[in-house]
Structure formats: structure tokens, C-alpha cells
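Notes to accompany the following structure.
Atoms within a ligand are numbered from 1 in the order they appear, just like the ligands themselves.
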Amino acid sequence: MLAGAILDSSGTRILLARRARPVELAGLWELPGGKAEVGETDEEALRRELAEELGIAVGVEFELRDQVVLSDELVLIARWARVIAGEPTAREHQAVRWVDAEELSTLCDEGRLVPADTVWVPELVARLRRA
Ligand code: DCM
């Protein structure tokens with residue numbers, strides 16, 4: 001499972017998407033992404049999923065430090081990415097928003113992020129503050 005920490009063109013904000021399902025995660029914000037299909041690299045999978053879900057083209061960069069084991073079959077990996085083209089649109093999510101380091105921290109502290117994604121917050125906040 002791949003998630004993208006997608007940087008905006010100013011380099012100071014990343015994109016969050018609000019989940020519509022399942023009920024226990026609905027309304028919470030996540031780093032958008034999806035599952036790789038057979039024969040796809042992580043990078044190809046992330047580019048395809050973000051094009052399908054949000055209508056954006058991204059350049060995929062390095063992997064964030066932490067991985068999250070969700071189940072026997074599902075490991076969540078996040079890659080740093082940048083928008084190349086397109087305006088993010090919530091096609092499968094309830095909403096999308098760009099957040100800076102402060103907004104990301106606040107959402108995390110308030111318990112409004114998908115639980116698994118909170119592991120990346122310290123690294124993301126540090127990288128956004130450095131921008
Ligand atoms: N997931 C997550 N954080 C993300 C993306 C996905 O915790 N940034 C989890 C939620 C689901 C599983 O991965 O348990 C599959 O996600 P999806 O329903 O989006 O395919």
C-alpha cells in the first residue's frame with residue numbers, strides 16, 4: 001500500500017484527503033494513495049492512483065522513514081512526491097486540502113488523521129519547516 005506526501009508548488013504544504021470509507025475511518029484525513037497492481041513498481045502505482053483519485057500528475061521521490069504494518073498482507077509505505085500538473089479534486093474522498101506544518105500538527109493532535117498516518121507527522125513537519 002502506497003501513500004503520497006505530496007508537496008505543493010510553493011514547497012510549504014502537503015496534500016491531505018478526507019476518507020469517505022470505511023465507517024471507522026470516514027471523516028479522517030490521510031495521505032492519499034492506493035495498492036500496487038501485479039507488475040507495477042511502487043512509483044508507478046502511486047502515480048496511477050493519484051491520477052485516478054485526485055486527477056493530478058506527480059513526480060515521486062524518496063520513501064519516508066517509517067513503514068506501517070496494517071495486516072499480514074498490507075504494509076503502508078509513504079513516498080515524498082511533488083505535483084507536476086493538475087488541481088487536486090476529491091473524486092473518491094470527501095474533501096482535499098493543503099496543510100502547512102502547523103495545520104498538520106494540529107490535525108494530528110486533535111485525532112483527525114487516520115491513525116496509521118500519524119507515524120509520518122514528525123518527519124513531515126520537520127521537512128515542511130525546512131522548506
Ligand atoms: N490506509 C491508511 N493510510 C493511508 C492509506 C490507507 O491507513 N494513507 C489504510 C486504510 C485501509 C487500508 O489502508 O485500512 C486500505 O486503504 P484503501 O481502502 O484506501 O484501499
Residue, atom name and distance, where the atom is the protein heavy atom closest to [atom]:
{"atom": "atom 6 (C) of ligand 1", "result": "Met1 CE, 3.5 Å"}
{"atom": "atom 12 (C) of ligand 1", "result": "Leu74 CD2, 3.9 Å"}
{"atom": "atom 20 (O) of ligand 1", "result": "Lys35 NZ, 3.4 Å"}
{"atom": "atom 5 (C) of ligand 1", "result": "Glu30 OE1, 3.2 Å"}

Where ligand 1 meets [X] - atom numbers and elements under 4.0 angstrom, heavy-atom basis:
{"X": "Val114", "value": "2 (C), 3 (N), 7 (O)"}
{"X": "Arg21", "value": "18 (O)"}
{"X": "Asp117", "value": "2 (C), 3 (N), 4 (C), 7 (O), 8 (N)"}
{"X": "Leu31", "value": "4 (C), 8 (N)"}
{"X": "Leu70", "value": "9 (C), 13 (O)"}
{"X": "Leu25", "value": "10 (C)"}

For ligand 1, is any non-hydrogen atom under 4.0 Å from Val68's backbone (N, CA, C, O), its side chain (CB onward), both, or neither?
->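 For Val68, there is no contact with ligand 1 at all, from either part.
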Carboxylate-amine/guanidinium contact Glu44 Arg48, below 4.0 Å =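 No salt bridge links Glu44 with Arg48.
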Hey, is Glu102 close enough to Arg13 for a salt bridge, meaning N to O under 4.0 Å?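 Looking at Arg13 together with Glu102, the answer is no, because their closest N to O distance does not fall below 4.0 Å.
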Given Glu30, which partner from the list Leu16, Leu113, Asp117, Leu76 fulfils the side chain to side chain contact (heavy atoms under 4.5 Å, CB included) test?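 The passing option is Asp117.
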Margin query: I want to know if ligand 1 touches Ala116 in the polar sense, i.e. an N/O pair below 3.5 angstrom.
Written below: no
- Item | Distance-only N or O hit between ligand 1 and Arg19, under 3.5 Å | yes
d(Ile77 CD1, Trp120 CH2) to nearest 0.5 Å is 9.0 Å
Distance col, row Met1:CE vs Leu46:CG, nearest 0.5 angstrom, shows 10.0 Å
Within the structure provided, determine whether Val83 and Ser9 are in side-chain contact (heavy-atom separation under 4.5 Å).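 Val83 vs Ser9: side chains apart.
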Between Leu7 and Trp98, the two heavy atoms sitting closest are C-CZ3, 3.9 Å
Between Ala5 and Ile14 the two heavy atoms that sit nearest each other are C-CG2, 4.4 Å
Problem - Intermediate values then yes/no, side-chain contact (heavy atoms from CB on, under 4.5 Å), Leu54 and Leu15 - result: CA-CA 10 Å; Leu54 301 166; Leu15 189 69; 3.8 Å; yes
